[in-house]
Amino acid sequence: MNAPLLQMSGIDKSFGGTAALRSAELTIGRGEVHAVIGQNGAGKSTLIKILTGVYTRDGGTITFDGKPVHFHYPREAQAAGISTIYQELNLIPLRTVTENICLGYEPRKWGMIDWRLANKHARELLARFDIDIDVTRPLGEYNTAIQQLVAIARAVSLDAKLVIMDEPTSSLDDREIAILFGVIRELNKSGVSVLYVSHFLDELFQICDQVTVMRDGQTVAQREISDTNKLNLIADMLGRDPEEIRAAGMTDFSAAQAKTGDVLLEAKNVATGTRLRDFTMRVHSGEIVGLGGLLGSGRTEAARALFGVDDVTAGAVKIDGKQGAPANPRAAIGQGLSYLSEDRKAEGIIPHMSVRENVTLALLPRITKHGQVETKKERELVERFVKSLGIKASSIDQPIRELSGGNQQKVLLARWLATEPRILILDEPTRGVDVGAKLEIQQIIRGYVEQGIGVVLISSEFEELVEGADRIVVLQDGHSVSELRNPGVTENALVKAIAHHYADRDAA
């Protein structure tokens, strides 16, 4: 039997006394497509960063291609034959497509970069992905899907022995995913191994040979894909008995009774060009409606569709009884919607701007007169929200990057509350904040709900949904599949609801 390409054993890693990995294990064979899955905080990204030299491990051993290794920098891992495509693209938008693909590996002639050859190489590489674009244009001129494929093309061009793909399909449509899978199969045939991280379980059964499941910083299972099913993988991820999940019966989504009161927002059979296929939900005045499901279930896609970020291609959206989804975020704000997105750093804060500027970013048209910001009105508004939300800052002119994560999140919440929304969409509003800040944010949200605002709450923490939402709409694979109603919802009931749909499919 051939020795594995990669063996990680007993890997430990702590940050500030908190264990991120505890004796984690990962074994990848040669020419194998190996999935690593788990919920947020399971340790997937930390394990990859230790392998690639971003972090230094506290304990354990790593053997790669038959040799013990300890990479201190990503460049060392790359030189050894490990190529990584990170979920957050590390490309240079102002550089050309060719420059991004060939960066650090430019072909040379007489000591000079041979751009003709480099452009030819880039075009040929992208042709494998069925992409025909002008490689001499800046990468930033192309959409996110093209940028994602360029990052993948760069990774597979580096003559790697192991290619790590962290959520590679997050920005791709079905056609682009099919092309990517074709390239992965080519790599597989040529003996290159792939470490594949994804929250979309359907993909694993199309492309992977093995799967490792992580939970709470530990490796809890390694299975052959052919010997398992989605239900067992979900049970591993959640730490539940699959038979308990299989035995659970659920109330049909269509049978849920509507809450009395004004309907602020209604979505019926909504689909988009991304992963949202059949989403139905209703939000009333003075209630919190949670969206539950595993990552990849369509929760964020639903939020983006409601706020006009993604186009609605099927179904109907009504706001205050009026037909029609917002055409764009600006229109959504005008219709009384606000959206706190999931990624605070990439889509929320402007780090070099002040607390004041970050709060009023979505309000500028309302506090501007003759092209000038009304400073007195701006400062009064910001100071009021800083006080009411308990934002801890030396002044409203302090750069937001200097604040704690919890206070940054409060600033973003203030930004959207300042628009006086009737419907507030919150995607992971307490992620990455400490317990105290989390409780304060939850109390702030509940206070506004008591004043009549409607809230759509997305959270990966079951406890937050169970304790905070009046109703929970459960999504699977972009579909609304069931609804739970408080009081009386338990975390166990939510777990069963999330997994039940998979149990039905696997039994079919």
Side-chain angles (χ1 to χ4, degrees), residues 39-41 215 231 234-235 237-261 263-267 278-300 302-303 306 340 342 423-431 435 438-439 441-450 452-504:
Q39 286 282 72
N40 279 337
R215 186 175 69 247
L231 176 60
I234 292 170
M237 290 168 64
L238 301 179
R240 304 292 175 128
D241 187 319
E243 291 309 313
E244 177 189 2
I245 295 172
R246 187 185 295 277
M250 289 307 305
T251 303
D252 186 82
F253 178 79
S254 61
Q257 298 179 354
K259 179 185 173 87
T260 57
V263 177
L264 300 180
L265 172 66
E266 185 173 11
D278 186 5
F279 172 63
T280 296
M281 181 193 68
R282 182 178 290 181
V283 181
H284 300 79
S285 173
E287 76 165 345
I288 299 176
V289 178
L291 298 186
L294 298 177
L295 292 171
S297 61
R299 300 171 306 172
T300 294
L306 294 174
L340 182 65
E342 177 181 14
I423 303 152
L424 182 59
I425 303 169
L426 303 171
D427 196 348
E428 304 286 3
T430 63
R431 174 179 291 171
V435 175
K438 179 177 180 178
L439 291 173
I441 291 170
Q442 290 170 335
Q443 290 169 357
I444 291 164
I445 295 168
R446 178 53 70 179
Y448 276 86
V449 170
E450 290 173 356
I453 196 173
V455 171
V456 178
L457 173 64
I458 300 172
S459 178
S460 297
E461 296 187 29
F462 300 152
E463 181 181 8
E464 185 168 27
L465 289 176
V466 167
E467 294 182 354
D470 300 294
R471 291 183 291 116
I472 303 171
V473 175
V474 177
L475 286 89
Q476 296 285 5
D477 300 330
H479 297 258
S480 302
V481 295
S482 60
E483 181 178 294
L484 303 174
R485 305 176 64 83
N486 267 320
V489 178
T490 64
E491 288 186 53
N492 193 47
L494 180 55
V495 169
K496 292 177 179 178
I498 289 171
H500 181 70
H501 178 59
Y502 285 119
D504 283 347

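Just so it is clear, the model here is predicted, and its values are computed rather than measured.
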Between [X] and [Y], which heavy-atom pair has the shortest distance, and what is it?
| X | Y | result |
| --- | --- | --- |
| G452 | S285 | O-OG, 2.9 Å |
| I425 | A303 | CG2-CB, 3.6 Å |
| G454 | V283 | CA-CG1, 4.0 Å |

So how far is it from [X] [atom1] to [Y] [atom2], rounded to the nearest 0.5 Å?
| X | Y | atom1 | atom2 | answer |
| --- | --- | --- | --- | --- |
| R299 | L457 | CZ | CG | 10.0 Å |
| L494 | I472 | CG | CD1 | 5.0 Å |
| S480 | L291 | OG | CG | 8.0 Å |
| L426 | Q442 | CG | CD | 11.0 Å |
| L264 | L424 | CG | CG | 12.0 Å |

- Criterion side-chain contact (heavy atoms from CB on, under 4.5 Å) on L306 and I423, from CA distance to verdict: CA-CA 10 Å; L306 294 174; I423 303 152; over 6 Å; no
- Would you check if V449 and E287 make a side-chain contact, meaning some heavy-atom pair closer than 4.5 Å?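 They are not in side-chain contact.
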- Non-hydrogen side-chain atoms of V455 and I445 separated by less than 4.5 Å: yes
- side chain to side chain contact (heavy atoms under 4.5 Å, CB included) against D427, all qualifying residues, sequence neighbours excluded: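 Side chain to side chain contact (heavy atoms under 4.5 Å, CB included) list for D427, sorted by chain: T300, Y339, E342, I458.
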- Taking side chain to side chain contact (heavy atoms under 4.5 Å, CB included) as the test, write out the residues that go with E463, two or more places apart.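 With neighbours one apart ignored, the set is E467, E491.
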- Item | Residues that E266 engages under salt bridge (charged side-chain N to carboxylate O under 4.0 Å, His left out), provided they are two or more places apart |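 Partners of E266 under the salt bridge (charged side-chain N to carboxylate O under 4.0 Å, His left out) test: R282.
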Are any side-chain N or O atoms of [X] and backbone N or O atoms of [Y], one a donor and one an acceptor, separated by less than 3.5 Å?
| X | Y | result |
| --- | --- | --- |
| E464 | E461 | no |
| R471 | L484 | no |
| D470 | R485 | no |

- Task: Carefully, step by step, assess L265 and V263 under the rule side-chain contact (heavy atoms from CB on, under 4.5 Å).
- Result: CA-CA 6 Å; L265 172 66; V263 177; 6.0 Å; no
- Modelled atom types, side-chain donor and acceptor of E428 and S460, under 3.5 Å: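 Judged by distance alone, the side chains do pair up.
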- Task: Walk me through it: do L475 and F279 pass the test side-chain contact (heavy atoms from CB on, under 4.5 Å)?
- Result: CA-CA 8 Å; L475 286 89; F279 172 63; 3.8 Å; yes
- Task: For the pair V466 and T490, evaluate side-chain contact (heavy atoms from CB on, under 4.5 Å) and give the outcome as yes or no after the intermediate values.
- Result: CA-CA 6 Å; V466 167; T490 64; 5.6 Å; no
